[in-house]
Q: 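Structure provided below as structure tokens; questions to follow.
Ligands are counted one by one from 1 in listed order, and the atoms in each one are counted from 1 as well. Numbering starts at 1 and runs along the sequence shown. Remember, predicted model here, so these are calculated numbers, not experimental data.
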Amino acid sequence: MGIPGRRAWPRKPQSLQLRVAGSSRRPPAPRLSFPGSPAARGDTMSASRAALWPLAYLAAILLPLALALLAGRPGRPFAVELSAAVGMAGFSLLLLEFVLSGRYQRISADVGMDAVMRFHQAMAWVLLVLLLIHPYLYALFPRPTGLVDGLPAAPPADSAVGGASGMVAWILLAALITLSAVRDDLPVRYETWRLSHGFGALLVAVLAAAHTILSGHHAAAPALAGFWIVATALAALTLLRAYVLKPLLLRRRPWRIRDVRALAPGIHELRLTPDGHAGLPYQAGQFVWLRFQDRLPGLTEHPFSLASSPAEGPELRFLIKANGDFTGGIGDLPEGRRALVDGPYGRFGAALEDSEASGFLLIAGGVGLAPMLGLLHTLAAAGETRPVRLVVANADAREIVLDKELQGLAERLDLRVTRVVDDPDRPDGALPGPVDTALLAECLTGAERARWQAFVCAPPGMIDAVEGMLEALGLPASRVHAERFRYRYGLASPSARRNLRLQAVVLALVLAAVAAFALAVG
Ligand SMILES: Cc1cc2nc3c(=O)[nH]c(=O)nc-3n(C[C@H](O)[C@H](O)[C@H](O)COP(=O)(O)OP(=O)(O)OC[C@H]3O[C@@H](n4cnc5c(N)ncnc54)[C@H](O)[C@@H]3O)c2cc1C
């Protein structure tokens, strides 16, 4: 049953649609990878690697505990060893936060940037709790006195510098994480917050390392002291790599602005062309960090989804909505201006490779249309014959862009485009917002609804709501892919619940290892 008033653009002749709809006679779906793209290098491999990252993460947390066991320092009472183990696990988690936020293409291509940033934020709270209770554990349990094997049974208080550095790190860490949680309400520029967050975290790590090495019982073993020094240096290197080394290297592969075009009030299309190199190998739907000046390495760059498809050639295309000082100035950029592009990142479009999918549902909110354009052009270039449904939601009619281009794509694909506009002053054929379950149900046609792949790029609240609707319609969470333009996460959506489960498992394993360590050593 159709939805009254829906705008559906020209489709293929009826005979072709009928042929495509019969799943048993569906022609084999083409593989949607292109030479040089990460997909072409084997996305199935990246999917299996994705499962290994949590294991590598756990191993990295447990490594110092294992080294402490192997170092064989004399054991102390259980409570003291428990506190020491909690401190070591918390410090490992702190150092791993640098890796999670360190923009590693491999990790973001395997796991997705959304999952990485979500995990980074959640683990910050876990490590904060661990490190906050670390000193209190000594007080909670009866305080041991005397000597064990000639060593003080109580926590070492012999290094004033060690104690003070631990306390300052403890206070700074609490401030850093609390400020991040309320960042949107702070009267500071994003760049200022980002700089203070990075260097604040580095300061906490250095102070925590000083505390661990000067006051830690187990870190008196050279192997463990060496481990903490190397791990802290690697964390610092991660920052240096992301903000200084990488931007310097990118200067060797510059890009030039070929065109900036206003599409609607506050929305621009930007095209970049490679300057003296072959371009960027990427997968449709990925994003890059973009910068137009070299003055401050790494600080003035911003993430943008690629609205182009690798099938269209080396030029990169973006859809940018004015949202602040950087995005507000896009329209003033002159043709020929040098640009630096760091990427690609993410795996938003990786599921286009699913040759078993019944169809592809694309849901865009506002400028969330950007990555969808890359996906649509990739599907069209590959001669995709399965149904593709695009839902584009806008606050008002002035934000509607690229109608003609979508009509052209509808000629090449079994594509139906549905416009949803919140403002009562809607153009003909557009549905009233917000996007609802009935509309999505109507898009997911056919008996094999659970085998569609869905892609959502919209404001965070809309992503959470749409994920819930798709779950209610029986689409497994593994088939719903989201790209967020803001790293803000609710707790109620299916993907949030999935991430919470993973975090709970990691936390439970860490706590079990900490307790086992204290029992074994204490
Ligand atoms: C993966 C991803 C893809 C994106 N793709 C697009 C796109 O295709 N088109 C588009 O118009 N917008 C996109 N954005 C949003 C865009 O990056 C921000 O609107 C832009 O960075 C805002 O910068 P500003 O200086 O104009 O505004 P500001 O006032 O500085 O920032 C406004 C808000 O944008 C976010 N932001 C700002 N700078 C950064 C940064 N360096 N890194 C992460 N978040 C930042 C913060 O939440 C901030 O509160 C994307 C964001 C992400 C994370």
Q: Quick one: which ligand 1 atoms are inside 4.0 Å of a heavy atom on Phe287?
A: 1 (C)
Q: Are any of the side-chain nitrogens in Arg498 or Glu467 under 4.0 Å away from the carboxylate oxygens of its partner?
A: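 Result for this pair is no, no salt bridge flagged.
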Q: Indicate the atoms forming the closest heavy-atom contact of Arg449 with Leu473, along with that distance.
A: CD-O, 3.2 Å
Q: I'd like to check whether Ile320 has a polar contact with ligand 1, where a contact means an N/O of the residue lying under 3.5 Å from an N/O of the ligand.
A: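 Among all N and O atoms of Ile320, none is under 3.5 Å from an N or O of ligand 1.
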Q: Would the Phe326 and Tyr190 ring centres measure less than 6.0 Å apart?
A: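 Centroid distance Phe326-Tyr190: not below 6.0 Å, so no.
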Q: Can you name the atoms of ligand 1, numbered from 1 with element, that are less than 4.0 Å from a heavy atom of Glu301?
A: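 Per the distance check, 41 (N).
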Q: Give the numbers and elements of all ligand 1 atoms closer than 4.0 Å to a heavy atom of Gly324.
A: 24 (P), 26 (O), 27 (O), 29 (O)
Q: Pull out every atom of ligand 1 sitting under 4.0 Å from any heavy atom of Arg484, numbered as shown with elements.
A: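 Going through ligand 1 atom by atom, the ones under 4.0 Å from Arg484 are 1 (C), 2 (C), 52 (C), 53 (C).
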Q: What do you reckon, does Thr327 have a nitrogen or oxygen under 3.5 Å from a nitrogen or oxygen of ligand 1?
A: yes
Q: State if Arg486 counts as touching ligand 1 under the rule of any non-hydrogen atom under 4.0 Å.
A: yes
Q: Please identify which atoms of ligand 1 are closer than 4.0 Å to at least one heavy atom of Ala370.
A: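 Going through ligand 1 atom by atom, the ones under 4.0 Å from Ala370 are 8 (O).
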Q: Under the side chain to side chain contact (heavy atoms under 4.5 Å, CB included) test against Leu127, which residue among Leu95, Leu94, Val510 passes?
A: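 Answer to the side chain to side chain contact (heavy atoms under 4.5 Å, CB included) test with Leu127 among Leu95, Leu94, Val510: Leu94.
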Q: As a check for students: among Asp325, Asn323, Val367, identify the option with a heavy atom nearest to atom 18 (C) of ligand 1.
A: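 Result: the heavy atom closest to atom 18 (C) of ligand 1 is in Asn323.
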Q: Taking Asp436 for the side chain and Leu439 for the main chain, is one N or O donor matched with an acceptor at less than 3.5 Å?
A: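 Side chain of Asp436 to backbone of Leu439, a donor-acceptor pair under 3.5 Å: yes, one is there.
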Q: Identify which of Trp289, Phe304, Tyr190, Phe326 has a heavy atom lying nearest to atom 37 (C) of ligand 1.
A: Tyr190
Q: Got more than 12 heavy atoms from elsewhere within 6.0 Å of CZ, Arg497?
A: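 Yes, enclosed.
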Q: Taking only heavy atoms of Arg194, which atoms of ligand 1 are found under 4.0 Å from at least one of them?
A: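 In order of numbering, the contacting atoms are 41 (N).
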Q: Within ligand 1, which atoms have a heavy atom of Lys321 less than 4.0 Å away?
A: 10 (C), 11 (O)
Q: Can you tell me if Asp425 has over 12 outside heavy atoms packed within less than 6.0 Å of its CG?
A: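 No - once you tally the heavy atoms of other residues, nucleotides and ligands closer than 6.0 Å, there are 12 at most.
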Q: Can you say whether the rings of His197 and Trp193 are parallel (under 30°), tilted (30 to 60°) or perpendicular (over 60°)?
A: parallel
